[in-house]
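Reviewing the structure listed below.
Below, chain A is the first sequence line, B the second, and so on; all start at residue 1.
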There are 2 protein chains.
Amino acid sequence: MPQRKSGHVTLLDVARACGFSVSTVSIVLSEAPLSQNVAEKTRQQIRAMARQLGYHPDASARSLRRRHSQTIGVLAYDLSDPFCIPIVRGIQAGLQPTSYLPLLMDAQTERRLFDSYLKMILERRAEGVIVIASWVFEEANLLADVEKNHVPIVIVGRDLTGRGISSVLVDNEAGGALAMRHLHQLGHRKIAVIRGPEELFDSEPRWAGARRAAEEVGIRLDPRLVLQLPSMVDPTSGFQGGLSCVRQMLASGLKFTAIAAFDDLTALGAVRGLTEAGLRVPEDCSVLGFDDVLPAEVATPGITTIRQPLREMGLLAARWTLDALEQREKSAKRPAPRLEMSPPELVVRTSSGKPKRRSAPS
Amino acid sequence: MPQRKSGHVTLLDVARACGFSVSTVSIVLSEAPLSQNVAEKTRQQIRAMARQLGYHPDASARSLRRRHSQTIGVLAYDLSDPFCIPIVRGIQAGLQPTSYLPLLMDAQTERRLFDSYLKMILERRAEGVIVIASWVFEEANLLADVEKNHVPIVIVGRDLTGRGISSVLVDNEAGGALAMRHLHQLGHRKIAVIRGPEELFDSEPRWAGARRAAEEVGIRLDPRLVLQLPSMVDPTSGFQGGLSCVRQMLASGLKFTAIAAFDDLTALGAVRGLTEAGLRVPEDCSVLGFDDVLPAEVATPGITTIRQPLREMGLLAARWTLDALEQREKSAKRPAPRLEMSPPELVVRTSSGKPKRRSAPS
DNA sequence: TTCTACTATTCAAACGTTTGAATGTCAACA
DNA sequence: TGTTGACATTCAAACGTTTGAATAGTAGAA
């Protein structure tokens with residue numbers, strides 16, 4: 001029983017155990033073209049022995065020699081945000097049919113971790129990098145390092161084409177407009193808005209879209225009913241934010257029949273706030289979210305929301321990365337960055353409805 | 001400008017660029033003990049050049065030579081289950097202070113993927129493996145391979161000590177009992193139970209705990225009000241299951257004032273079902289969940305639930321893995337598997353309350 | 001017989017690091 | 001002058017794999 005000190009079974013072990021050279025064993029087990037020349041009997045013998053010993057090729061040695069790792073680094077800003085998961089799923093789906101494997105990292109909304117994981121991805125010689133980053137990051141310096149090593153990179157959730165990086169994100173403005181138009185069609189005229197926190201990239205375009213749509217349909221948005229979430233400390237803090245915004249609105253005594261919230265968790269916070277005050281959703285006040293994450297779907301009432309095609313976005317990011325790898329084979333020069341603004345979609349659930357005739361909470 | 005064809009900057013590049021040998025550069029950049037002997041001026045020069053060129057050591061070459069990868073494989077059965085994330089967080093927290101890095105994989109509830117990722121973890125020469133597996137898997141064969149390579153392994157969410165694998169899981173029975181006692185204390189006597197699907201490991205002990213507690217406090221559980229979820233196809237199908245179970249219960253015309261659901265998503269499905277039928281939670285019927293995942297917290301009413309200390313469980317799994325690595329240095333023989341049954345905790349929110357005097361929905 | 005072609009297998013170099021041993025330099029000491 | 005030791009740097013082998021080139025062995029063709 002050939003027990004290596006390293007604890008791992010190597011080609012040499014298998015070779016010795018069945019009396020062939022390391023080369024032959026390698027050729028057979030890696031199914032190299034040359035393996036057609038190897039006698040069927042030999043192949044069977046080698047494979048049997050490899051299985052018996054529990055041989056697994058050493059990925060380090062292999063990628064060192066082959067000069068590629070078959071790996072795509074996937075760096076998510078925070079996996080505890082339900083927003084990230086479908087994107088990751090899309091990426092996985094896009095990589096599945098190829099021989100590339102995702103190397104998944106979770107930065108936990110910590111700049112320090114983000115940096116160190118990105119470094120690690122580079123050290124592991126990932127051949128491409130996909131960054132999921134709706135959160136605030138000043139990626140400038142480290143992403144530069146990625147480029148310096150000629151590793152193609154795609155970012156999901158932010159537009160960084162200005163810095164030469166291909167970007168996939170939802171059309172936030174269209175989404176904001178979609179929300180506003182839906183509320184208008186239901187008959188709402190006094191609409192409160194909870195904007196995203198200042199430092200979040202998505203906040204501005206969503207608000208711009210909502211404002212534009214409101215103007216188009218002739219709704220006047222009362223500035224006193226347009227609140228802004230405070231800075232977020234983690235992905236779920238939108239809930240608390242939504243809750244306190246609604247308390248504030250109710251305390252103000254102003255009338256409103258609907259709330260367009262920044263995202264689904266904010267919307268859930270709003271529902272909580274309204275319920276606390278004895279108001280019913282949607283009878284007394286409609287609530288709209290954004291993103292379409294799991295909690296919005298399984299809450300009761302189900303949150304009407306603006307769905308981001310997250311899975312598709314992840315899929316696209318994977319495809320672009322693979323494209324870039326192919327391109328790199330052919331031409332040396334770096335292709336121009338690409339931009340996708342995916343169309344959002346209105347998902348009507350039960351948190352929105354027509355306003356009561358005798359309107360207004362409070 | 002030394003542009004390597006491989007696209008990556010190597011030690012040789014740095015060496016040539018500043019006129020020292022590869023050895024010296026390696027010694028300096030890896031901060032080997034010998035680097036104390038290297039002139040301060042030299043060190044600075046080398047470091048500056050490395051930074052300028054964007055050098056990152058090749059992890060493959062390094063771990064090949066050093067014979068260890070500083071990596072712990074983390075294989076989650078399905079990251080889209082909110083249950084997994086806090087565990088992963090705990091693992092990350094446990095690994096943080098060490099130089100080990102988590103290699104995170106998401107099996108997407110697919111046996112095929114589970115196997116191929118486990119294989120990959122082995123090929124990457126992860127020094128330890130943590131498997132998160134509340135889901136059904138017959139891991140026998142592949143986990144055996146892990147053992148064959150002397151890689152310590154810890155499983156979270158199932159008891160596999162019988163197969164010699166250290167296991168961390170919640171004390172499901174205690175949890176089930178906790179739920180039942182809470183409902184009893186509130187004054188409920190007619191309690192419906194939604195059991196987990198047959199193939200899920202957790203189902204049986206939770207039910208056993210509930211039954212035991214019911215007996216202890218003198219509650220008779222009507223077998224017609226004990227339903228079982230159908231087989232799950234994905235982690236969120238508990239919602240649909242809970243919904244249809246409640247419809248069934250209501251259709252039966254039997255009276256009950258509370259529902260103890262298998263997990264939080266099932267509970268949310270139950271709330272939906274009750275609401276559909278015009279019943280209020282908790283006034284007309286209390287609902288209890290299990291796990292304490294995000295959607296339970298942000299729904300309104302907040303779901304009263306049995307909290308699993310997921311983060312702590314992940315932390316423990318990480319610690320045990322590190323322990324095993326240390327042990328392995330010292331003694332050759334494999335230590336006995338360890339077992340942790342973490343105590344669950346009752347989290348009271350607003351989905352549970354006293355039954356109405358004139359009780360019972362119908 | 002020699003040549004060619006094919007089959008089956010092995011040699012040996014290389015991938016980028018690390019590291020124990022070796023080399024060289026310089027100053028101080030005997 | 002030679003010896004010792006400290007310092008600064010380099011040599012060269014090794015990690016486990018892959019692969020172009022080389023080596024045998026066999027068989028059929030000229």
* Could you give the CG-to-C1' distance, from A/L122 to C/dG16, as a whole number of Å? -> 16 Å
* Phosphate contact (D/dT9 OP1 or OP2) by B/T24 side-chain N/O below 4.0 Å -> no
* Would you mind reading off the distance between B/E123 atom CD and D/dC15 atom P, rounded to a whole angstrom? => 21 Å
* Asked: Any side-chain N or O of B/S21 under 4.0 Å from OP1/OP2 of D/dT10?
  -> yes
* Spacing between A/D13 atom CG and D/dG16 atom P, to the nearest angstrom -> 8 Å
* Asked: So does A/R65 reach the base of D/dT18 with its side chain, donor to acceptor, closer than 3.5 Å?
  -> yes
* To do: Apply the test side chain to side chain contact (heavy atoms under 4.5 Å, CB included) to residues B/V25 and B/Y55: give CA-CA distance (whole Å), side-chain angles for both, the deciding distance (0.1 Å), then the verdict.
  => CA-CA 11 Å; B/V25 176; B/Y55 169 78; over 6 Å; no
* Under 4.0 Å: is that the gap between some side-chain N or O of A/S23 and OP1 or OP2 of C/dT10? -> no
* State, without any angle test, whether A/T71 and B/R124 hold a side-chain donor-acceptor pair at a distance under 3.5 Å. => yes
* Structure fact -> B/F20 CZ to C/dT17 P, in whole Å, measures 18 Å
* Does B/R62 have a side-chain nitrogen or oxygen under 4.0 Å from the phosphate oxygens OP1 or OP2 of C/dT18? -> yes
* Within residues 29-42 of chain B, residues whose heavy atoms come under 4.0 Å of DNA chain C -> B/S30
* Asked: Counting just side-chain N and O atoms, does B/R67 come under 4.0 Å of either OP1 or OP2 of D/dG16?
  -> yes
* When you check the gap from the basic side-chain N to the acidic O, do A/D323 and A/R319 get nearer than 4.0 Å? -> no
* **Residues B/L101, A/Y117; criterion side chain to side chain contact (heavy atoms under 4.5 Å, CB included); working and verdict** => CA-CA 9 Å; B/L101 279 168; A/Y117 281 142; 3.6 Å; yes
For residues 32-40 of chain B, tabulate all N or O donor-acceptor pairs below 3.5 Å that involve a side-chain atom, not counting sequence neighbours.
unit_1: B/S35; atom_1: OG; unit_2: B/A32; atom_2: O; d: 2.8
unit_1: B/E40; atom_1: OE1; unit_2: B/R43; atom_2: NH2; d: 3.2
unit_1: B/E40; atom_1: OE2; unit_2: B/Q44; atom_2: NE2; d: 2.8

* Nearest-Å distance, CZ (A/R124) to P (C/dT17)? -> 15 Å
* Exam field: side chain A/S167 to backbone A/I165, donor-acceptor pair closer than 3.5 Å -> yes
* Structure fact -> Separation of C/dT19 atom P from B/H68 atom NE2, nearest Å, is 8 Å
* Asked: Are A/R67 and B/D58 close enough for a salt bridge, meaning some N to O gap below 4.0 Å?
  -> no
* Structure fact -> Separation of D/dT17 atom P from A/L12 atom CG, nearest Å, is 9 Å
* To do: To the nearest Å, give me how far apart CG (B/L11) and C1' (D/dT10) are.
  => 14 Å
